[in-house]
Amino acid sequence: METDENSHPLKGTSAPMETNELINTVTALFEGDKGLLAMDESTATCNKRFEEVGIPQTEEYRRKYRELIVTAPGLGKCISGAILYDETIYQSTKDGVLFTDKLKQAGIIPGIKVDEGTTDLAGFPGEKITRGLDGLKERLAKYYELGARFAKWRAVITINAVIPTKGCIEANMHALARYAALCQEAGIVPIVEPEVLMDGSHDLKRCFDVTANVQHILFDQLFDQNVNLQALILKPNMVLPGLSSPKQASIDKVAEATVTCLLQSVPAAVPGVAFLSGGQSAELATAHLNAMHVKYKGKLPWALTFSFARAIQQPALEIWKGEDENVEKAQQMLVHRASLDNAARRGEY
Ligand code: 13P
């Protein structure tokens, strides 16, 4: 078997066709210093972001905003994959070009959020479970036809003095593993996103312990559900003190805690990790990613990149404000933030 240093160990004659397709997608998503753009806010979340900056909350404004993103000049140099949402995967630019086609023309692989949001977990006050497994097999087949080659499912874990419970973590990680297995069967690379929220007054150590526990249970479940670890992407939170914790941590401490947690929990077979930003400022999320690369360059078994929503989009959204005359400046800011995240991936931010 011919190999070169860029080829994945599973790439070759012994792997089944569908595995090769998945590996090719993962390899393309982690190419160079690129990362992912999460532009998959649900209608409710997108409207919330619009409301905060005074943009009308209509389908047309949401479409215009996504058009601004997918047509941003130079975006394809920084971003390898963009995560869409059910509303946006069917939408087009004002000239009638599907967003998925615009992305592909820019060299960006379209992805799709397939979970259906969270709801209260029965029997576990204060905890959430993610919905969306019913009918997922059929939805994935449809999204594949529409051009999606990777998907996302987000599980939400909240920290306070008495939660998260084992019951909540297990139920959510089981759903993530079932989703991942269905994706791989459909030729779609699953991004598994177990997000431990930043809200709360807990310290860094508590976030570390909860995140490590969540990731251990996730990988047990992925193993039990026969998910191919070489054909998935982990999208974790960084290990941070709670937002209202009196004990905040330095950039280096966060980088060290995050990578140590991953080293203790994430098998080397996993090709890559793409962080969510979770409500950190754009600058801080980028600085944390950069510090991980400065400290651990060449020493980690998996690639580390970004899959930010707010940390790339928020500064651009605040410039756009829903006005046509601000589109160009907002696009420049979007690409600027993404290119700074590329620099962070090189440890040069
Ligand atoms: P943030 O980067 O804003 O946390 O969003 C990432 C994401 O995709 C959440 O599901």
Side-chain angles (χ1 to χ4, degrees), residues 29 35-50 52-53 65-66 69 78-89 108-119 128-132 148 150-159 172 175-176 179-180 183 189-200 207 211 214 218 232-240 242-243 254 258 272-290 292 304-318 333-334 337-338 340-341 344-345:
L29 288 171
L36 309 178
L37 171 62
M39 50 178 291
D40 60 331
E41 300 81 4
S42 64
T43 302
T45 302
C46 188
N47 284 345
K48 193 171 121 196
R49 307 258 184 276
F50 279 11
E52 285 160 6
V53 284
Y65 178 54
R66 269 63 181 256
I69 295 175
C78 320
I79 298 292
S80 55
I83 314 172
L84 301 169
Y85 175 58
D86 190 65
E87 181 176 85
T88 40
I89 198 164
I108 299 172
I109 302 173
I112 179 79
K113 168 191 172 78
V114 299
D115 68 68
E116 294 180 329
T118 60
T119 187
K128 300 281 183 194
I129 182 79
T130 303
R131 294 183 292 199
F150 70 103
K152 184 190 101 172
W153 178 289
R154 172 174 176 256
V156 176
I157 304 295
T158 308
I159 299 183
N172 274 290
L176 265 173
Y179 140 84
C183 283
V189 170
I191 296 185
V192 292
E193 180 179 9
E195 177 172 5
V196 178
L197 295 177
M198 282 170 75
D199 308 270
C207 180
T211 303
V214 163
L218 172 64
L232 63 76
I233 294 170
L234 175 68
K235 176 163 174 167
N237 52 285
M238 296 182 190
V239 174
L240 301 159
L243 268 178
V254 168
T258 302
V273 172
F275 291 103
L276 59 94
S277 58
Q280 301 176 74
S281 69
E283 292 78 11
L284 205 50
T286 308
H288 284 145
L289 181 64
N290 184 65
M292 292 181 217
L304 288 186
T305 192
F306 57 92
S307 177
F308 298 155
R310 280 164 288 182
I312 294 178
Q313 290 185 49
Q314 194 61 29
L317 185 66
E318 285 168 16
M333 177 53 91
L334 188 83
R337 277 308 335 161
L340 293 175
D341 293 324
R345 227 195 126 174

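These numbers come from a predicted model, not from an experiment. For ligands, and for the atoms within them, numbers begin at 1 and follow the listed sequence.
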Checking a contact table here: which protein heavy atom is nearest [atom], and how many Å away?
atom                    : result
atom 9 (C) of ligand 1  : E193 OE2, 3.2 Å
atom 1 (P) of ligand 1  : S277 OG, 3.3 Å
atom 4 (O) of ligand 1  : G278 N, 2.6 Å
atom 10 (O) of ligand 1 : K152 NZ, 2.6 Å

For [X] and ligand 1, does the shortest N/O to N/O distance drop below 3.5 Å?
X    : answer
S307 : no
A309 : yes
A311 : no

* Asked: Heavy-atom contacts under 4.0 Å between R310 and ligand 1: side chain, backbone, both, or neither?
  ->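 Both of them.
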
* **Criterion side chain to side chain donor-acceptor pair (under 3.5 Å) against E41, the qualifying member of R66, K48, R310, R49** => R66

What I want to find out is whether [X] reaches [Y] closely enough, with some N-O distance under 4.0 Å, to be called a salt bridge.
X    : Y    : result
K152 : D40  : yes
R337 : E283 : yes
E87  : K113 : no

* Asked: Given E195, R49, K235, which one has a non-hydrogen atom that is nearest to atom 8 (O) of ligand 1?
  ->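 Looking at heavy atoms only, the winner is K235.
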
* Would you mind running through ligand 1 and noting each atom that sits below 4.0 Å from a heavy atom of A38? =>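 Checking each atom against A38, I get 8 (O).
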
* Asked: Which atoms of ligand 1 sit under 4.0 Å from any heavy atom of F308?
  ->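 Close to F308: 2 (O).
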
* **ring pair (Phe, Tyr, Trp, His ring centres under 6.0 Å) partners of F275, counting only residues at least two apart** =>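 Per chain and number, F275 pairs via ring pair (Phe, Tyr, Trp, His ring centres under 6.0 Å) with no residue.
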
* Can D115 and T130 be counted as having a side-chain donor-acceptor contact under 3.5 angstrom? -> no

* **Candidate pair L36 and I191, rule side chain to side chain contact (heavy atoms under 4.5 Å, CB included), full reasoning** => CA-CA 11 Å; L36 309 178; I191 296 185; 3.7 Å; yes

* What closest approach, in Å, do E195 and G278 show between heavy atoms, and which atom pair accounts for it? ->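 What the structure gives for the nearest pair is OE2-CA, 3.9 Å.
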
